[in-house]
There are 2 protein chains.
Amino acid sequence: MSKQVVPLAVIDLNADAPCCPPLAQRRVPAETAAVLAPAFKALGDPVRLQLMSMIASAEGGEACVCDLTPAFDLTGPTISHHLKTLRQAGLVDAERRGTWVYYRARPGILRQLAALLTVAPADS
Amino acid sequence: MSKQVVPLAVIDLNADAPCCPPLAQRRVPAETAAVLAPAFKALGDPVRLQLMSMIASAEGGEACVCDLTPAFDLTGPTISHHLKTLRQAGLVDAERRGTWVYYRARPGILRQLAALLTVAPADS
DNA sequence: TCTCTGCTTAGACAGACGTCAAGACAGACA
DNA sequence: TGTCTGTCTTGACGTCTGTCTAAGCAGAGA
């Protein structure tokens, strides 16, 4: 797992414009890879991928933990742990309002990742 | 790490057309998540992200292991291990020609992943 | 056939990850 | 204020991952 999350902020993960050219267009520099790989890693678990999707596709753009937890055969702490991983990867934001905690997706970084994976329309 | 790679082939990772609507549009079903998460996981390491980029952006669409290995401060077997991971995730293909082994990216699955991460242009 | 080069596989080890149980904390309501 | 509900944090345990060294396998050339 080559070390741990690098807290580099050289790349603005919240910017709307893609930070980097597509992966297939130019070689990704080591610094960029170190920043973006943790985000891919966070999406590399089926539970987190579904959580991310549930949050991003939720009405109003945010989802309550109380809605997320029952959707899985996992305990509350485990879901909380996965949500923390998504938060640390910069993929979601959390906010407590009263009893419940609400999670909201950060579209900026999703755009960065999508842009990086973009491939020319016809060359398969 | 929630078990191991699921060998499901319900989703055609080589199809050119996206298999699934964007993650932020509709909730990703468990089966889809189980198939696509390993691909994200494979990209979740800085070394593999760079390898993938070097292969996908190489002239002629393919890269020789002999060109990839010297680009990292890692031993040959370690690079070979990472390439195997990318291969098992369906992200690249390998072919031996004479003495050297060449790796080629599979644009289909990259398109699937990019499509899944696609976000509406303006909602951040 | 023999030897050399290049890549993969096998085995081992340290560290990270996924999961759970138990406890702590924050807010709502009587 | 006291209690209840709901969520997060902490600690522990088993498994997986990333890396290395050593060994094995496949072609090329003498």
Check: At what distance, to the nearest 0.5 angstrom, does OG1 of T118(A) lie from CZ of R111(B)?
Finding: 10.0 Å
Checklist line | Separation of M54(B) CE from L51(B) CG (nearest 0.5 Å) | finding: 7.0 Å
Item checked: Heavy-atom side-chain proximity of R26(A) to S57(B) below 4.5 angstrom -> no
Item checked: Residues in side-chain contact (heavy atoms from CB on, under 4.5 Å) contact with S80(A), at least two apart in sequence or another chain -> none
Check: Looking at residues 77-85 of chain B, who's got a heavy atom less than 4.0 Å off DNA chain D?
Finding: P77(B), T78(B), H81(B), H82(B)
Item checked: Close side-chain approach of T85(A) and D45(A), heavy atoms under 4.5 Å -> no
Check: Within a strict 4.5 Å, meaning less than it, do heavy atoms of the I55(B) and L83(B) side chains meet?
Finding: yes
Note to self: When you measure from the side-chain N and O atoms of K41(B) to the phosphate of dT17(D), is any distance below 4.0 Å, counting only OP1 and OP2?
What the structure shows: yes
Next item on the list: May I have the distance from Q88(B) (atom CD) to dT8(C) (atom P), rounded to whole angstrom?
Entry: 12 Å
Next item on the list: Return the value, rounded to whole Å, for the distance between atom CG of L86(A) and atom C1' of dC17(C).
Entry: 14 Å
Next item on the list: Select base, sugar-phosphate, or nothing to describe what G76(A) touches, counting heavy atoms under 4.0 Å on all strands.
Entry: nothing
Margin query: Whole angstroms only, please: what is the CG-C1' distance between D45(A) and dC17(C)?
Written below: 9 Å
Note to self: Expected output is a numbered-order residue list: members of residues 59-75 of chain B with a heavy atom under 4.0 Å from any atom of DNA chain D. What is it?
What the structure shows: L74(B), T75(B)
Next item on the list: Look at all strands and tell whether R48(A) reaches a base, only sugar-phosphate, or nothing, counting heavy atoms closer than 4.0 Å.
Entry: sugar-phosphate
Notebook entry, point to check: Quick one: does L49(A)'s side chain get under 4.5 Å of L23(B)'s, heavy atoms only?
Noted result: yes
Checklist line | Side chain of Y103(A) - closest among dG6(D), dC7(C), dC8(D) | finding: dC8(D)
Check: Side-chain contact, heavy-atom cut-off 4.5 Å: L117(A) with F40(A)?
Finding: yes
Item checked: Integer-rounded Å distance: dT5(D) C1' and R96(A) CZ -> 11 Å
Margin query: Base, sugar-phosphate or nothing for Y102(A)? Non-hydrogen atoms, less than 4.0 Å.
Written below: nothing
Next item on the list: Report the distance from atom CH2 of W100(B) to atom P of dT8(C), rounded to the nearest whole Å.
Entry: 14 Å
Note to self: Within the 4.5 Å heavy-atom criterion, are L36(B) and V28(B) side-chain neighbours or not?
What the structure shows: no
